[in-house]
Protein chains: 2
Amino acid sequence: MSLPHAILASLLEKPCSGAELARRFDKSIGHFWQASHQQIYRELGKLDDAGMVESTGRDTGRGRERHYLVLPAGRALLEQWCRSEAAPRPVRDELLVRLRAAAVLGDVNLTAEISRHRELHQRQLEHYQDIQERDFPGTTAGRPAGGTEQDRLQYAVLRAGILFEEAWLAWSAETLDGTVKR
Amino acid sequence: MSLPHAILASLLEKPCSGAELARRFDKSIGHFWQASHQQIYRELGKLDDAGMVESTGRDTGRGRERHYLVLPAGRALLEQWCRSEAAPRPVRDELLVRLRAAAVLGDVNLTAEISRHRELHQRQLEHYQDIQERDFPGTTAGRPAGGTEQDRLQYAVLRAGILFEEAWLAWSAETLDGTVKR
DNA sequence: ATATCCATGTAACGTGTTACATGATTGT
DNA sequence: ACAATCATGTAACACGTTACATGGATAT
């Protein structure tokens, strides 16, 4: 149940239209909470009905651009959610199910698929590193060169992405090493 | 779309009833692909209708135990799926959304929540390590002490869980260090 | 004017979650 | 007989995905 909150956070940072929100999602929050434009429009509608956001151009219908703005109630909701507790989601990965299935079937070789994933993760890691260079220059590992509390939080989020991709790379390296080459 | 395949793999390993499947799920495949018993019954019904599995005790209705067995068609389906390609799912983590929101709000301290997650991940890691000791004794890191291809695949799956939890621990350590203590 | 693209929106479906209901089994 | 428990199942809903439809804006 974090999509509405992710939307509120993004809108709070900068009010915008649904389409722009969808685009911005792809480039920031979407790195760890994805949503299609249909989901976003749906949630924006609900948030509007609930009085959490305000939309310019009511009753404008289809092709008309609508701008959204977070209302105080929306900010309060986000803050409350932000202070609440939630359990971490367990891992959910299809490739691991495939590995388990291959272990049962006994005659499926997953080397190529693991390599393919490895390259995808490699590319994702490079992407994150590019963002790091752009947004947090002068930082090679650990903590940012300085900056506000907000910078540190943003950096922490990016850092999580980097560490996960690195974990994937480490895993695929040792797995390819152990399952095939020997 | 991997739940039916996860079920097929688990059933192929050992035919059983829906309830037992649900229980076994919690302890093995469920570590990286969770499902409630309702989901499992639903999928078992579909797999049965599709002729992928066979169930003893047709028309037995509610409280009657039903045993399921994978049919050749089911095995073929699993094998085909196992050879297919799929993109890795991007990270999806609520805590990171919270961090982003906190960065926007500016007055929410997430230290306690991060610590709490850290402990949960620590426990999960220990759980995986217990499994490692039990199922792959004599292995401290890297690859198992020997064994069949199937052992190596199973080990790789477990290893993925371990590496992810370690990545979480590394992240939370450096984040707690960078965001608060200074 | 018409082709193209963009923003918004609808519809249908699949997957995941929560709550509850019913029939069998077991223990007392 | 009765309670407790277990296995199976239903219902309703939230979330996510895919495909498509409509209105407006832009360019030729």
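Order of the sequence lines fixes the chain letters, A, B, ..., with proteins taken first and strands second; residue numbering starts at 1 for each chain.
One interatomic measurement links the two molecules: NE2 of A/H37 to P of D/dG16, which rounds to 16 Å at whole-angstrom precision. One interatomic measurement links the two molecules: CD1 of B/I40 to P of D/dC6, which rounds to 17 Å at whole-angstrom precision. The distance between atom CD of A/E43 and atom C1' of D/dC15, rounded to the nearest whole Å, is 8 Å. With rounding to whole Å, B/E94 atom CD is found 14 Å from D/dA14 atom C1'. Between A/R62 atom CZ and C/dG9 atom P there is a gap of 8 Å when expressed in whole angstrom units. Taking atom CG on A/L47 and atom P on D/dA14, their separation rounds to 14 Å, with Å as the unit. Atom CG in A/L3 sits about 13 Å away from atom C1' in D/dT17, given to the nearest Å. The distance from atom NZ of B/K46 to atom C1' of D/dG9 is 15 Å, rounded to the nearest whole Å.
Distance from the side chain of A/R92 is smallest to C/dG16 among C/dG16, D/dG16, C/dA7. Considering only the side chain of A/Q38, D/dC20 comes nearest among C/dT17, D/dG16, D/dC20. Closest to the A/R42 side chain, of the nucleotides D/dT8, C/dG16, D/dT17, is D/dT17.
Taking the six-membered ring where tryptophan is involved, the planes of B/F164 and A/F164 are perpendicular, since the angle between them exceeds 60° and thus also 30°.
Look at B/R23 and you'll find a side-chain N or O under 4.0 angstrom from OP1 or OP2 of D/dA7. Distances shorter than 4.0 Å separate none of the side-chain N or O atoms of B/Y41 from OP1 or OP2 on D/dG9.
Salt bridge annotation for B/E113-B/R116: present, with a cationic side-chain nitrogen under 4.0 angstrom from a carboxylate oxygen. A salt bridge is defined here as a Lys NZ or Arg NE, NH1 or NH2 lying under 4.0 Å from an Asp or Glu carboxylate O, and B/R123 with B/E126 fails to meet this definition. Between A/E43 and A/K46 there is a salt bridge, since at least one side-chain N of the basic residue sits less than 4.0 Å from a carboxylate O of the acidic one.
Counted by atom type alone, B/S84 and A/R98 present one or more donor-acceptor pairs between their side chains at under 3.5 Å.
Residue contacts shown for B/Q39 include a base, since a base heavy atom lies under 4.0 Å away.
Mapping A/W33 and A/G63 onto DNA chain D by nearest heavy atom places A/W33 closer to the 5' end of the strand.
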